[in-house]
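Counting starts at 1 for both ligands and their atoms, in listed order. All values below were derived from every heavy atom in this structure, side-chain atoms included, with hydrogens, water molecules and symmetry-related copies excluded. Numbering of residues begins at 1 and proceeds along the displayed sequence.
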Amino acid sequence: MKVFKFGGASVNSAEAVRNMAQIVQSHLETDPLVVVVSAMGKTTNLLEKLVPGVSPDDEATALRQQLADYHHEIATSLIPNGTGIAEKVDALLRKLDERRASLLPSPEAYNFNYDQVVSYGELLSTTIIAEYLNDLGINTLWVDARKLVKTDHHYREGIVKWELTRAACRALMADSMTYSVVLTQGFIGGTADGNTTTLGREGSDYSAAILAHCLEAESMTIWKDVPGFLNADPKFFSDTVKISQIPYNEAIELAYYGASVIHPKTVKPIQNKGIPLYIRSFITPQSEGSSIGNYHTISPETPLYIFKNNQILLSILPKDFSFIAEENLQVIFGLLNELGIRVNLMQNSALSFSICIDNNPQRTGLLIEQLQHSFHVRYNENLQLITIRYYTQEVIDRIVAGRPVLLEQRSRSTEQLIVPQG
Ligand code: ASP
Ligand code: MG
């Protein structure tokens with residue numbers, strides 16, 4: 001069994017879905033192909049605004065209409081005279097309305113409400129695509145990922161219950177052998193008592209990895225709008241190099257530092273089973289792409305760059321005469337943990353502790369406010385965190401381009417720098 005994952009950009013129009021279906025069609029084998037799909041285009045962003053209490057009524061009504069129009073347009077373009085597909089889309093939209101009406105717009109219920117609403121993006125996309133694949137004559141089984149990927153009650157960041165998920169996958173394998181394609185949603189899961197959860201934004205890669213792991217898949221392929229794993233984000237860099245082979249651990253490090261090509265949680269489940277992960281382009285599906293697997297080094301060997309913008313650097317100094325030692329660090333990390341803030345880089349001296357974090361105005365404000373009870377806090381905003389793996393001095397100088405360096409950390413393989421955003 002092979003697992004394919006298609007993200008929002010690969011299914012954002014009828015034309016895109018036709019292209020995706022062609023890729024699927026050209027890879028059919030005797031075993032069913034497991035296909036994991038995200039919400040179409042930017043649907044998840046739209047649905048976030050339909051969570052109860054987020055948008056004023058008139059705005060929500062307009063957005064709800066936009067959601068319906070967008071999906072209906074794609075559906076009717078794919079199957080021009082299909083009444084079945086339009087009815088299925090309408091039935092889902094009605095269910096979404098009922099679900100939204102049943103939810104209480106309280107701040108405490110926000111995470112729960114979020115998952116109940118936002119999950120409709122994937123339900124809509126896969127429902128349309130399953131109809132279309134069947135219309136093309138590809139025998140497709142639509143599977144509800146909420147019955148497959150079992151999680152705890154951690155809404156918006158569901159923690160996978162592996163044993164339950166494995167059992168559901170085994171049952172699925174037994175039931176799906178007569179199908180060519182098993183089509184399911186990325187990003188969403190379900191609790192044992194039947195509520196919908198999600199795995200965190202951009203979590204569809206992780207969904208595919210969970211299924212690949214539990215199905216002991218032969219391989220997993222992520223189809224993207226880039227030719228593979230590049231040494232830098234093409235948004236920041238004009239002359240990128242495609243990395244053909246990446247060791248699992250290297251991919252984990254890169255995702256952790258912020259490489260946006262794969263979701264950080266994706267690699268572990270497939271590494272654990274030694275399943276190769278391919279990253280290929282849905283725009284040029286005939287080209288080879290990159291593969292992540294049991295390699296010793298990256299190939300070709302070249303510096304890798306990761307840029308994180310909109311960073312804030314906080315310097316935290318005790319108000320009393322104490323040093324920055326264990327008790328103070330415990331207080332600081334306790335707060336970070338409570339507020340769900342991830343530290344991108346940290347450094348300490350005897351008298352101060354510096355952390356670089358994503359500057360989310362709300363959370364950063366809260367953090368500073370709380371820290372100020374016991375510490376003096378100084379900060380610098382609008383910074384860029386640059387990570388360079390396999391650096392040379394020449395490469396660093398070129399990237400820094402004369403900007404003042406606020407903080408620098410260097411190991412044998414990795415250089416990290418904080419500079420003003422250029
Ligand atoms: N649709 C979800 C999101 O946009 C999940 C994903 O695309 O991976 O975050
Ligand atoms: Mg997406």
| query | Which one holds for S204 and ligand 1: side chain close, backbone close, both close, or neither close, with close meaning a heavy atom under 4.0 Å? | reply | both
| Looking at ligand 1, does G8 have a heavy atom less than 4.0 Å from it? | no
| remark: Which of N294, T266, N249 passes side-chain hydrogen bond (donor to acceptor under 3.5 Å, both in side chains) with Q271? Answer is N249
| Sequence-distant partners of F353, ring-ring contact (aromatic ring centres under 6.0 Å, His included), two or more places apart | F333
| said: Holding to ring-ring contact (aromatic ring centres under 6.0 Å, His included), I want the full list of residues that pass it with H71, two or more places apart in sequence or in another chain. | reply: none
| query | If you count the atoms of ligand 1 from 1 in the order shown, which ones are under 4.0 Å from a heavy atom of R201? | reply | 3 (C), 4 (O), 9 (O)
| message | In terms of relative ring orientation, are F307 and Y305 parallel, tilted or perpendicular, with 30° and 60° separating the classes? | response | parallel
| Quick one: does D205 get an N or O within less than 3.5 Å of an N or O on ligand 1? | no
| Taking the six-membered ring of Y110 as reference, does the NZ or CZ atom of R156 fall below 6.0 Å from its centre and within a 45° cone about the axis? | no
| task | Compute the shortest N/O to N/O distance between T44 and ligand 1 and return yes if it is under 3.5 Å, no if not. | result | yes
| message | Heavy-atom distances under 4.0 Å decide this one: backbone, side chain, both or neither, for E122 against ligand 1? | response | side chain
| task | Look at E122 together with R146 and state whether they make a salt bridge at an N to O cut-off of under 4.0 Å. | result | no
| Ligand-side contact atoms (ligand 1) for residue partner S38, heavy atom cut-off under 4.0 Å | 6 (C), 7 (O), 8 (O)
